[in-house]
Amino acid sequence: MRISGLYARRRAVNGVYLALSVAATATGLAVLFLILWTLLRNGIPALGSDLFTETTPPPGSRGGIANAIYGSVVMTLVATLVGTPVGVLTGTYLAEFGAGSRIAPVVRFVNDILLSAPSIIIGLFVYELMVVRMGHFSAWAGSAALAILVVPVVVRTTEDMLRLVPGSLREAAAALGAPQWKVIAAVIYRAALQGMLTGVMLAVARIAGETAPLLFTALNNQFWSADMNGPMANLPVVIFQFALSPYADWQVLAWGGATLITIAVLMLNILARALASWSNRSP
Amino acid sequence: MTSTLTVTLRRRLDRQRVQDAAFRGTTRLFALGVLVLMGGVVAALAAGAIPAFAKFGWSFLTSDAWNPVTEKFGALPAIYGTLVTSFIAMLIGIPLALGIAVFLTELCPLPLRRPIGTLIELLAAVPSIIYGIWGLFVLAPVLQNTVQPFLVDTLGEVPMIGALFAGPPLGLGILTAGLILGVMVLPFIAAVMRDVFSTVPPMLRESAYGVGATTAEVMRHIVLPYTRVGVIGGIMLGLGRALGETMAVTFVIGNAHRIKASLLAPGTTISATLANEFTEAVGDLYTSSLFALGFILFVITFIVLAAAKLMLLRLERRAAK
């Protein structure tokens, strides 16, 4: 009797804990769906053709966010093109030449800190480094800030992916007489390509929505501008300014931009994951 | 004949050796570049902050003045806001993340494990600015109209902690920012917890189940003690994120350079101050004070993240043994 009472109590406690953990998961999922639902409800009415063809309007008149979309795409592209090679080479050093080296653990440690460091700090850094020197805000500075955010993500995934490549592949290529750079460039990179691509896609997804580092670097531009040397409109900063403005039409545009950016970022994430699991299945 | 072959071979080998050295050197250069980058960030922030620290000295850390007109600046309200919002975020994020990690490792049916895990991770992919507008337009009105009046009427009447829930329900403020941050850091903490839970040797877990332990008891007495260092590392990682999070907080914190006892009152954080005021700052001392805030934020997050990393490394090393 006594034992069964204790058992019943333990089972009850267990039930409570498990119910709480289910509730926690449900809460997390609920927040995600609430955010998506809010975005779609407010964003879909804004997704007209004007959104993609017109530039940001003064308050009270019609317009779109074409210039901001263009600016975001260009700066993200430049940042990815600059940040990826740097990240890949650093990741290569850590994975292939890092063993026994004294600086590799330090680089890995610092890189992991950069990975989680507040992005607004990077904005301050680029402001001091480029904006102050050049004397004005510019799309180059914005791209530089974003590129700095790309690097740690790519370093991390490149190192992890290169480590997954079996050592026998390296030995086989070396046994055929290939020099080490050729082993890495022609064999190891090829074997790890999908995983490294996943890393780049995750990096793009991360910077596409970054706002804080652009506030002090690319700033914003109400007009269409393709000049990398001047301030350039970009989606996150436009969303920031328009959402906090008192004008209803600006807020509608902000919701439209927010919906676009979220869909793009989530799609990239899902694609990257699909690519990663597909590459794991067919080594 | 053979000698010309050996000569060409040797030449080719020499060339390859140079190429190898060049390749290795290049990758090493870029790896050093990461260190230079970190050094550059520290140097740039410090250089920008020097005028403010020179003018105000240590009182910059303890003063609650923030007056661009008289050029009196102090970091205390921003530091206070940063720490308190992050603390609230941890109060919310840790239990939720723990629940999710337990669900995903112990309870979830196998076919659902991946999809649900991915959805939770997508919570981390949603850009910070989206959390901001969602917090401002959806969460804040709900808090203002229902949750906060309820808190004021119930907890607000309790002695001691009543002061935390006093004042008009504005919807925007420290509590709202903390709530949003809690949701934002949850996927990071949950991901680390899930990973470290899977490092527990199956034999330990199965022995516990074998002597009749329930799932909750296995978690509490086997898994958590075994992974304690990693769990704390994950929590610190989440804390590092919460401390530096900018846009979401900027939308909902209310931006007031004041320290109020009430969590319902508007406040500010270091990152929100920077986002709001940096481009509009006039005067060298104002800009420098903002750099000083940035420097303080960097130092705090660096310490937290470095501690997190060291703890996770310790667990990794033990798992490798």
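We name chains A, B, ... by the order of the sequence lines, and we start the count at 1 in each one.
- Contact annotation for Val34(B): both backbone and side-chain heavy atoms come within less than 4.5 Å of a heavy atom of chain A.
- Neither the backbone nor the side chain of Leu129(A) comes within less than 4.5 Å of any heavy atom in chain B.
- In this structure, the side chain of Asn269(A) does not engage the main chain of Ala125(B) through any donor-acceptor pair within 3.5 Å.
- Looking at Leu45(B) and Glu128(A), their side chains never come closer than 4.5 Å, going by heavy atoms from C-beta outward.
- Between Phe137(B) and Trp255(A), the ring-plane angle classifies as tilted under the 30° and 60° cut-offs.
- Inter-residue side-chain proximity for Ile121(A) and Val41(B) is flagged as met; some heavy-atom pair is nearer than 4.5 Å.
- In this structure, the side chains of Thr27(B) and Thr90(A) stay at 4.5 Å or more apart for every pair of heavy atoms.
- Residue Ala205(A): no heavy atom, backbone or side chain, is found under 4.5 Å from chain B.
- Of the atoms belonging to Thr26(B), it is side-chain heavy atoms, and not backbone ones, that fall under 4.5 Å from chain A.
- In this structure, the portions of Leu274(B) lying under 4.5 Å from any heavy atom of chain A include both its backbone and its side chain.
- The contact between Gln251(A) and chain B is made entirely by side chain atoms (from C-beta outward), counting heavy-atom distances below 4.5 Å.
- Contacts between Ser271(B) and chain A at a heavy-atom distance below 4.5 Å involve backbone atoms as well as side-chain atoms.
- Leu32(A) has its side chain within reach of Leu119(B): a pair of non-hydrogen atoms, C-beta onward, lies under 4.5 Å apart.
- The only member of Leu39(A), Leu266(A), Leu36(A), Ile261(A) that meets side chain to side chain contact (heavy atoms under 4.5 Å, CB included) when paired with Val126(B) is Leu266(A).
- Note on Arg24(B) versus Glu96(A): no salt bridge recorded, every NZ/NE/NH1/NH2 to OD/OE distance being 4.0 Å or above.
- Between the OG1 atom of Thr269(B) and the CD1 atom of Ile120(A) there is a distance of 8.5 Å, given to the nearest 0.5 Å.
- Heavy-atom distances place the side chain of Leu219(A), and not its backbone, under 4.5 Å from chain B.
- Side-chain contact between Phe298(B) and Leu124(A): absent, with no pair of heavy atoms (C-beta onward) separated by less than 4.5 Å.
- Applying the side chain to side chain contact (heavy atoms under 4.5 Å, CB included) test between Met38(B) and each of Val107(A), Leu114(A), Asn111(A), Val106(A) identifies Leu114(A) as the sole match.
- Neither the backbone nor the side chain of Leu268(A) comes within contact range of chain B; no heavy atoms are under 4.5 Å apart.
- Considering only heavy atoms from C-beta on, Leu310(B) comes within 4.5 Å of Phe109(A) through its side chain.
- When heavy atoms are compared at a cutoff of 4.5 Å, Ser116(A) approaches chain B by way of both its backbone and its side chain.
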Using the rule given for side chain to side chain contact (heavy atoms under 4.5 Å, CB included), can you reason through Phe240(A) versus Ile133(B), listing the C-alpha separation, both sets of side-chain angles and the distance that settles it, and then say yes or no? CA-CA 8 Å; Phe240(A) 177 50; Ile133(B) 49 176; over 6 Å; no

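- Both the backbone and the side chain of Tyr93(A) come within contact range of chain B, judged by heavy atoms closer than 4.5 Å.
- Heavy-atom distances place the side chain of Val265(A), and not its backbone, under 4.5 Å from chain B.
- A 4.5 Å side-chain heavy-atom check between Ser21(A) and Ile100(B) finds every atom pair outside the cut-off.
- The closest side-chain heavy-atom distance from Tyr17(A) to Thr215(B) is not below 4.5 Å.
- Remark: the backbone N or O of Ala216(B) is paired with a side-chain donor or acceptor of Asn14(A) at under 3.5 angstrom.
- For a residue to count as touching a neighbouring chain, one of its non-hydrogen atoms must lie under 4.5 Å from one of that chain's; by this rule Leu104(B) does not touch chain A.
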